[in-house]
There are 2 protein chains.
Amino acid sequence: MKKTRNTRQRGVILDILQETREHPTAEKIYQDARRVIPNISLGTVYRNLNFLQDQGLVREIRPCDGGSTRFDGVLDSHAHFHCTRCGALLDISLPQGFEQLQLNKMDGISMISSIDLHIIGECSNCSEEGSGSTH
Amino acid sequence: MKKTRNTRQRGVILDILQETREHPTAEKIYQDARRVIPNISLGTVYRNLNFLQDQGLVREIRPCDGGSTRFDGVLDSHAHFHCTRCGALLDISLPQGFEQLQLNKMDGISMISSIDLHIIGECSNCSEEGSGSTH
DNA sequence: GTAATTGCAAAAGATTTGCCCCATT
DNA sequence: AATGGGGCAAATCTTTTGCAATTAC
């Protein structure tokens, strides 16, 4: 297999993802990265995100309610909560009993590599504000 | 609120979605619909998919592994299995005990409207075929 | 008759890719 | 020096939208 190089761009992108729990989009990562490497290009960001995903260092989350792909650099197992009002995408702990679910041998499944749990609803912030605000 | 009309296009699209468990993409629905209404347009398909979603008659599934949005017209609660080899997206039953999970009051969540469970792995078909095939 | 809906084509986004140059090893 | 990776811009793909014509009610 071919050798990979440690470029500044790649390092910065990975750092950004590992230091936030905001699940940024590629565009947001691009903007953050430009504060460090002003002439980094969006194409490079995408190429590295794909690369890091292939390496298993990062994973992508596709918001259930449309919008662009977001990325997650925190690999502890956790679920995601999507707020339909403000669009927030939050890490949440796996519900009690989740690990014990009978997951194997279901239907036509022969091997499970990962399980994604997405909870869609309203976050406390939005609910506290009554029915008006959109963020 | 404004009145809605029962157009042939809308009916055909809904039928297609309710009669399959294949979770077609908009493009696939468009192709199927053209066999019935040869000059239906892709724009109409998208407009109706969004409309049907707003009505709660259909929901969209965003494949975790990229690719375009797929649609589901079967509303019984079920989970989805994504095969990383052949790309199949299958309905599966919710695992035992799933309904009893402690889901409320977690972290900053104040209201839950739906829960999506996606299982990623390999389907039996692909595994039986050994390690070669891509479908 | 009226307004919701369609078809078509253009526009808008998001992501990928080709090409040539630069920088890591 | 060799070649993986970057920058830039064009290309691709998916989805949305404006508008005039059509059709359900």
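Note: hydrogens, waters and symmetry copies are ignored here, and every other heavy atom, side chains too, is used. In this text, all values refer to a predicted model and were calculated from it rather than measured experimentally.
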Can you check the B:Gln53 CD to D:dT15 C1' distance for me, whole Å? 13 Å
Residue met sooner reading DNA chain D from 5', once A:Arg8 and B:Asn50 are mapped to nucleotides: A:Arg8
I want to verify a distance call: between D:dC8, D:dT15, D:dT23, whose nearest atom is closest to the B:Arg5 side chain? D:dT23
What is the separation between atom CG on A:Leu49 and atom P on D:dG6, rounded to the nearest whole Å? 11 Å
Taking CZ from B:Arg10 and P from D:dT23, how many angstroms apart are they, rounded to a whole number? 16 Å
Ranking A:Arg47 and B:Asn6 by the position along DNA chain C of their nearest nucleotide, the one closer to 5' is B:Asn6
Cluster overlap B:Val74 with B:Leu90, hydrophobic side-chain contacts below 4.5 Å: no
How long is the line joining OH of A:Tyr46 and C1' of D:dC13, in whole Å? 13 Å
Heavy atoms of other groups near A:Asn6 CG, more than 12 under 6.0 Å: no
Whole-Å distance, A:Arg62 CZ to D:dT15 P, equals 9 Å
is_close_aromatic(B:His78, B:His80), centroid dist under 6.0 Å: yes
Separation of A:Asn39 atom CG from D:dA9 atom C1', in whole Å? 15 Å
Is the shortest side-chain heavy-atom distance between B:Phe98 and B:Leu117 below 4.5 Å? yes
Any side-chain donor paired with an acceptor under 3.5 Å for A:Glu60 and A:Thr69? no
Option among A:Leu52, A:Ile61, A:Val45, A:Ile29 that satisfies the side chain to side chain contact (heavy atoms under 4.5 Å, CB included) test with A:Phe71: A:Ile29
How bent is the helix from C:dG1-D:dC25 to C:dT25-D:dA1, measuring the angle between the end axes built from five pairs each, rounded to 10°? 40°
Could you tell me if the side chain of B:Arg62 sits less than 4.5 Å from the side chain of A:Pro63, heavy atoms only? yes
Going 5' to 3' along DNA chain C, between which two nucleotides do contacts with chain A fall, using a heavy-atom cut-off of 4.0 Å? C:dA14 to C:dT25
I need the CG-P distance between A:Asn48 and D:dG5, as an integer number of Å. 8 Å
Do other residues, nucleotides or ligands put more than 12 heavy atoms under 6.0 Å from A:Gln53 CD? yes
Reckon B:Thr69 has a side-chain N or O less than 4.0 Å from the OP1 or OP2 of D:dT15? yes
State whether the side chain of A:Arg85 and the backbone N or O of A:Asn125 hold a donor-acceptor pair below 3.5 Å, judged by distance alone. no
Phosphate oxygens OP1/OP2 of D:dT23: is one of them under 4.0 Å from a side-chain N or O of B:Gln9? no
Is there a side-chain polar atom (N or O) of A:Thr44 under 4.0 Å from OP1 or OP2 of D:dG7? yes
Through direct or indirect side-chain contacts below 4.5 angstrom among Ile, Leu, Val, Met, Phe, Trp and Tyr, which residues connect to A:Ile120? none
Given D:dT16, D:dG5, D:dG7, identify the nucleotide with an atom nearest to the side chain of A:Thr4. D:dG5
Gap between atoms NZ and C1', on A:Lys3 and D:dA1 respectively (whole Å): 13 Å
